[in-house]
Amino acid sequence: MRAVVVSQWGGPEVLTETEIDRPEPGLGEILVRVHAAGVNPVDWKTRATGALVSWDRIPVVGWDVSGTVEAVGPGVTLYRPGDEVYGMPRFPRQAGGYAEYVTAPARHFARKPASLDHVQAAALPLAALTAWQALVDTAGVTAGQRVLVHAAAGGVGHLAVQIAKARGAYVIGTASAAKHGVLHGLGADELVDYRTEDFAEAVSDVDVVLDALGGEVAERSLRVLKPGGHLVTLPGPDVPAGAGGVRASFVVVEPDLRGLEEITALVEQGLLKPLVDTVLPLEQAAKAHEIGEQGRTTGKIVLTVA
């Protein structure tokens, strides 16, 4: 099968298309023919150093996939060949999404939303599950709460805005002014241009902050939380210490059938839609990484495979 492999750790140029053996589904697994693969920051961070994943075979990055079940392994009853599925298989272990086929436990996938094509569906799993597990499972966002989403136009951010809004929250986002119109269209109630305003001065009395940036942004985010508020950070485990009843948590996304089904329900209700910034063929994975590392995309980058 075709796959984009990492020839050595380094820049985008180390991504090379080649032929490797097609995997076979094991006990409780399915084989999925990949139609599209989403591109995420963890992809290029892993490509650069190889440090984020336990590699057990030829290095192939990628975790967001949407495709068709090709075969099922022993014991699988959830899916049949021909079913359209999407998911974030095996994360944070190697999945190999930049390839024509992937295998993973059946429950690492869910049925693809019928209203989305494979490119749109491939833009969802990792980013949407990250937002869902941070806002819903960890912070328990409820109606009437004030939620601040940093990097609101990014892959996780633009989905977090919609998920928080669907929960009935008042949603505040940080983003450059050029992206405010798009974010208002997704449901953001209030936006702060991080280039000209200090969010820590512009925003207050927040119940939940979703931080995709870390560092001093995480530190200053504690200042905008009300007593009992919750900072959920994504970049790493070094979370700042809260005070006055303020909590801080670090979240690592994990495969989650129930979460994917909740996300699918939001999509089908018209409450959640992925924004796809750039679509490229699999063989241009290096270009996709170059674009992504510039940090200027609105939404997601997706590779077409099949």
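None of these values were measured; they are calculated from a predicted model.
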Between [X] and [Y], which heavy-atom pair has the shortest distance, and what is it?
X      : Y      : value
Pro89  : Ala95  : O-CB, 3.1 Å
Gly187 : Val161 : C-CG1, 4.3 Å
Leu231 : Ser221 : CD1-CB, 4.0 Å
Ala286 : Pro12  : CB-O, 3.3 Å
Ser176 : Asp193 : CA-OD1, 3.7 Å
Val147 : Ala169 : CG2-CB, 3.8 Å

Heavy-atom distance under 4.5 Å between the side chains of [X] and [Y], does that happen here?
X      : Y      : value
Thr49  : Thr46  : no
Asp211 : Pro235 : yes
Thr233 : Ser249 : no
Val232 : His230 : yes
Ile30  : Pro25  : no
Val149 : Ile172 : no
Leu210 : Leu234 : yes
Val253 : Trp132 : no

I want to know whether Tyr86 and His118 have ring centres closer than 6.0 Å.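 Judged by ring-centre distance (under 6.0 Å), Tyr86 and His118 do not meet the cut-off.
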
Look only at the side chain of [X] and the backbone of [Y], and say whether a donor-acceptor pair between them is shorter than 3.5 Å.
X      : Y      : value
Gln162 : Lys273 : yes
Glu17  : Leu282 : no
Lys179 : Thr297 : yes
Arg2   : Val305 : yes
Asp277 : Lys300 : no
Glu84  : Lys112 : no
Gln120 : Asp117 : yes
Tyr79  : Phe109 : yes
Asp64  : Leu126 : yes
Arg33  : Tyr101 : no

Are [Y] and [X] connected in a single hydrophobic cluster, I mean Ile/Leu/Val/Met/Phe/Trp/Tyr linked by side-chain heavy atoms less than 4.5 Å apart?
X      : Y      : result
Tyr98  : Val85  : yes
Val302 : Val32  : no
Val217 : Val206 : yes
Tyr194 : Leu225 : no
Val102 : Val6   : yes

[atom2] on [Y] to [atom1] on [X], rounded to 0.5 Å:
X      : Y      : atom1 : atom2 : value
His184 : Asp189 : NE2   : CG    : 8.5 Å
Thr264 : Leu257 : OG1   : CG    : 9.0 Å
Leu116 : Ser66  : CG    : OG    : 8.5 Å
Phe250 : Thr138 : CZ    : OG1   : 11.0 Å
Ile291 : Thr278 : CD1   : OG1   : 4.5 Å
Thr130 : Leu135 : OG1   : CG    : 10.5 Å

Return yes if a side-chain donor-acceptor contact under 3.5 Å exists between [X] and [Y], otherwise no.
X      : Y      : result
Glu190 : Tyr170 : yes
His158 : Thr298 : no
His150 : Thr174 : yes
Glu268 : Ser115 : yes

Quick one: do Glu29 and Arg90 satisfy salt bridge (Lys or Arg N to Asp or Glu O under 4.0 Å)? Show the steps, please. CA-CA 11 Å; Glu29 294 184 343; Arg90 300 188 186 278; 2.8 Å; yes

Ion pair present between Glu13 and Lys287, side-chain N to carboxylate O less than 4.0 angstrom?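 Looking at Lys287 together with Glu13, the answer is no, because their closest N to O distance does not fall below 4.0 Å.
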
Asp207 bridged to Lys226 by N-O distance under 4.0 Å: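 Salt bridge: yes.
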
Does [X] [atom1] have over 12 foreign heavy atoms under 6.0 Å away?
X      : atom1 : answer
Arg107 : CZ    : no
Asp21  : CG    : no
Arg223 : CZ    : yes
Lys165 : NZ    : yes

Worked check of side chain to side chain contact (heavy atoms under 4.5 Å, CB included) between Val14 and Trp9: CA-CA 7 Å; Val14 306; Trp9 311 124; over 6 Å; no

Could you check Val60 against Val4 for side chain to side chain contact (heavy atoms under 4.5 Å, CB included), going step by step and ending with a plain yes or no? CA-CA 6 Å; Val60 180; Val4 171; 5.7 Å; no

For Leu159 and Ile263, what are the C-alpha separation, side-chain angles and deciding distance, and is it a side chain to side chain contact (heavy atoms under 4.5 Å, CB included)? CA-CA 10 Å; Leu159 298 170; Ile263 290 162; over 6 Å; no

Carefully, step by step, assess Leu31 and Val72 under the rule side chain to side chain contact (heavy atoms under 4.5 Å, CB included). CA-CA 6 Å; Leu31 172 69; Val72 301; over 6 Å; no

Describe, in one word, how the ring planes of Trp44 and His289 are oriented to each other, choosing from parallel (under 30°), tilted (30 to 60°) and perpendicular (over 60°).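 If you compare the ring of Trp44 with that of His289, the planes turn out perpendicular.
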
